Protein chains: 2
Amino acid sequence: MTAPARLAPPPRERIIDAARDLFRKHGIRGIGVDAIAEAAESNKMTLYRHFGSKDDLVVVCIERAAAEAEDFWTDLKAAHPDDPKAQLQDWVRRAGDFVTVAHCNCELLDAAAQLVESDHPARHVVEEIRKGHKRRLAALCRDAGVAEPDLLVDALTLLIEGARFNWRSAGPQGAAARFVAIAETVVAAFMAKSACCGSAGKAH
Amino acid sequence: MTAPARLAPPPRERIIDAARDLFRKHGIRGIGVDAIAEAAESNKMTLYRHFGSKDDLVVVCIERAAAEAEDFWTDLKAAHPDDPKAQLQDWVRRAGDFVTVAHCNCELLDAAAQLVESDHPARHVVEEIRKGHKRRLAALCRDAGVAEPDLLVDALTLLIEGARFNWRSAGPQGAAARFVAIAETVVAAFMAKSACCGSAGKAH
DNA sequence: AGTAGATGTTACGGGTTGGTAACATTGTCA
DNA sequence: TGACAATGTTACCAACCCGTAACATCTACT
């Protein structure tokens with residue numbers, strides 16, 4: 001068997017997993033490479049042999065998260081083929097899981113946001129991921145027949161990022177727990193805007 | 001004149017101002033006491049004479065921000081006496097300023113959210129402020145005749161926190177720039193929920 | 001068996017940061 | 001003038017953290 005140790009994952013994978021976990025929990029600045037190496041049941045030297053620097057490790061972690069996000073969209077489209085409305089509704093539901101479930105890649109992205117102001121090499125990677133999500137979600141809203149798809153995309157973006165933030169700082173008792181109900185209401189409002197009562201209440 | 005130096009503010013005030021500014025820009029973990037003292041045109045020793053530790057300084061800064069938030073509500077109610085609907089609409093507009101204008105106390109609160117997981121003494125202070133805001137906003141929504149005031153409060157909470165977060169990481173090009181338009185739409189939708197088309201689109 | 005490559009261990013260097021000690025300086029009030 | 005409090009200056013410590021060097025160990029493949 002030339003297989004590279006299927007039972008115990010190789011150190012590189014263990015390090016990435018541990019890093020992602022700890023970055024989520026403590027933030028990128030909040031955890032040291034020593035702690036990561038130890039949590040990965042490895043050591044600092046092999047960490048630095050695989051990743052030239054902590055910044056490089058961060059980039060790899062974020063790229064890994066981006067790859068998993070790719071699966072998110074694949075699954076979503078596969079679950080409701082040729083039914084954008086159902087996809088949009090299911091997006092809300094699944095996004096809700098991403099907010100509340102601790103083990104999600106999104107928390108890694110928001111940890112990366114701690115790197116603003118200092119031009120961390122991971123910044124533009126995060127930016128690309130954000131753009132990709134936005135583009136896909138916009139296409140989804142457009143296909144679902146929403147009147148102002150771009151505005152709904154921005155609304156959902158603010159809601160989900162706010163939810164992730166709120167969940168971190170306020171916990172399960174905070175507003176983030178009701179993300180799905182809120183997002184569903186907002187989506188419904190945008191859908192109704194082009195079907196039911198045109199200019200609802202507010203004279204614009 | 002026994003007045004304590006009206007022209008140049010005393011060191012304590014200068015330190016608090018500098019700290020708030022730098023905490024906003026770099027986050028609490030991202031700036032050192034040395035830099036704060038220098039920015040305040042003071043030095044580390046007087047900083048530690050006034051505030052026993054960096055954590056204490058953080059708490060004072062947040063309490064200062066909370067006091068200013070008190071003014072926010074006072075001004076809002078004074079601007080539209082006995083007109084909760086106008087107050088709610090104006091709340092959205094003013095909240096939008098708090099998102100985009102760099103010099104705002106909210107950024108201090110979200111900087112404080114970097115302290116999650118480690119039970120920083122500032123955490124429960126932030127929690128209290130958050131509760132106060134929520135309570136006042138809920139009362140406002142109720143008085144404005146919103147059908148589900150609590151849900152709208154949570155929605156606006158997620159939107160504004162998401163906007164602050166997004167503004168930091170995505171800048172003026174991101175979704176945060178359209179916060180006001182989004183929030184107005186959401187508010188209108190909640191207002192219409194109790195007036196126009198009852199159960200809009202979604203069978204709940 | 002033996003060799004090469006990946007991994008583990010220990011120790012260290014240089015930098016930053018929170019916090020303290022000791023002393024000098026300034027300004028105020030009697 | 002003299003005394004006292006607040007402030008400034010310098011130096012320092014201990015802890016932490018990123019990154020590297022040197023050496024030991026293990027594993028795989030021939």
Side-chain angles (χ1 to χ4, degrees), chain A residues 1-23 25-61 111-112 114-115 117-122, chain B residues 1-20 22-23 25-62 111-112 114-115 117-122:
Chain A
M1 286 288 264
T2 61
R6 286 211 190 177
L7 300 176
R12 188 168 202 275
E13 295 304 310
R14 296 206 309 269
I15 290 172
I16 293 177
D17 288 345
R20 291 182 63 187
D21 184 45
L22 293 174
F23 286 156
K25 284 181 187 159
H26 306 282
I28 292 176
R29 283 213 192 121
I31 201 76
V33 286
D34 279 297
I36 294 171
E38 189 181 1
E41 294 182 72
S42 180
N43 57 72
K44 197 161 54 166
M45 266 320 296
T46 63
L47 187 154
Y48 274 99
R49 286 196 195 99
H50 283 284
F51 316 93
S53 70
K54 187 184 181 183
D55 286 357
D56 289 3
L57 174 59
V58 170
V59 171
V60 171
C61 286
Q114 295 176 0
L115 314 162
E117 101 262 7
S118 74
D119 39 358
H120 194 284
Chain B
M1 286 289 267
T2 60
R6 285 207 189 179
L7 301 177
R12 188 170 203 274
E13 295 304 310
R14 296 205 308 269
I15 290 172
I16 294 177
D17 289 345
R20 291 182 62 188
L22 292 174
F23 286 156
K25 285 181 187 158
H26 306 281
I28 292 176
R29 283 211 191 123
I31 201 74
V33 287
D34 279 297
I36 294 172
E38 187 181 2
E41 293 181 74
S42 180
N43 58 71
K44 197 162 54 168
M45 266 320 296
T46 63
L47 188 154
Y48 273 99
R49 287 195 194 102
H50 282 284
F51 316 93
S53 70
K54 187 186 182 183
D55 286 357
D56 289 2
L57 175 58
V58 170
V59 171
V60 171
C61 285
I62 291 177
Q114 296 178 357
L115 315 162
E117 101 264 6
S118 72
D119 40 359
H120 194 284

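A, B, ... follow the sequence lines: proteins, then strands. Residue 1 opens every chain. Side-chain atoms are counted along with the backbone in the values below, which use heavy atoms only and exclude waters and symmetry mates. Since the model is a prediction, treat every value here as computed from it, not as a measurement.
Atom CD1 in Ile15(A) sits roughly 14 Å away from atom P in dA6(C) (whole-Å rounding). dG8(D) atom C1' lies 18 Å from atom CZ of Arg12(B), rounded to whole Å. As rounded to whole Å, 16 Å separates atom P of dA24(D) from atom CG of Asn43(A). Rounded to whole Å, atom C1' of dG18(C) lies 12 Å from atom NE2 of His120(B). One can place CZ of Arg29(B) at 10 Å from P of dC17(D), the figure rounded to the nearest angstrom. Between the CD1 atom of Ile31(B) and the P atom of dT17(C) there is a distance of 8 Å, rounded to whole Å. The CD atom of Glu41(B) sits 17 Å away from the C1' atom of dT26(C) (whole-angstrom rounding). dT9(D) atom P lies 11 Å from atom CD of Glu38(B), rounded to whole Å.
With pairs defined as Watson-Crick or G-U wobble and both atom distances under 3.5 Å, the stems of at least three pairs that touch DNA chain D come out as C:1-30 with D:1-30.
In terms of heavy atoms, Arg14(B) sits closest to Ser42(B) at NH2-CB, 4.2 Å. Taking every heavy atom of both residues into account, Arg29(A) and Lys54(A) meet most closely at CA-NZ, 4.5 Å. Nearest heavy-atom pair across Tyr48(A) and Ser53(A) is CE2-CA, 3.8 Å. Listed here is the closest heavy atom pair of Pro9(B) and Glu13(B): CB-CB, 4.2 Å. In terms of heavy-atom proximity, Ala18(A) sits nearest to Ile36(A) at CB-O, 3.9 Å.
Side chain of Asp55(A) to main chain of Val58(A): no donor-acceptor pair is present (N/O by atom type, distance under 3.5 Å, no hydrogens or angles).
Partners of Ala35(B) by side chain to side chain contact (heavy atoms under 4.5 Å, CB included), not counting sequence neighbours, listed by chain and number: Ile31(B).
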Would Phe51(A) and Ile16(A) count as a side chain to side chain contact (heavy atoms under 4.5 Å, CB included) here? Give the steps. CA-CA 10 Å; Phe51(A) 316 93; Ile16(A) 293 177; 3.6 Å; yes
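Side-chain atoms of Arg49(A) and Thr46(A), non-hydrogen and from C-beta on, do get closer than 4.5 Å to each other.
Of the residues in residues 44-56 of chain A, those placing a heavy atom less than 4.0 Å from an atom of DNA chain C are Met45(A), Thr46(A), Arg49(A), His50(A), in numerical order.
Side-chain N/O atoms of Ser42(A) include none lying less than 4.0 angstrom from OP1 or OP2 on dT7(C).
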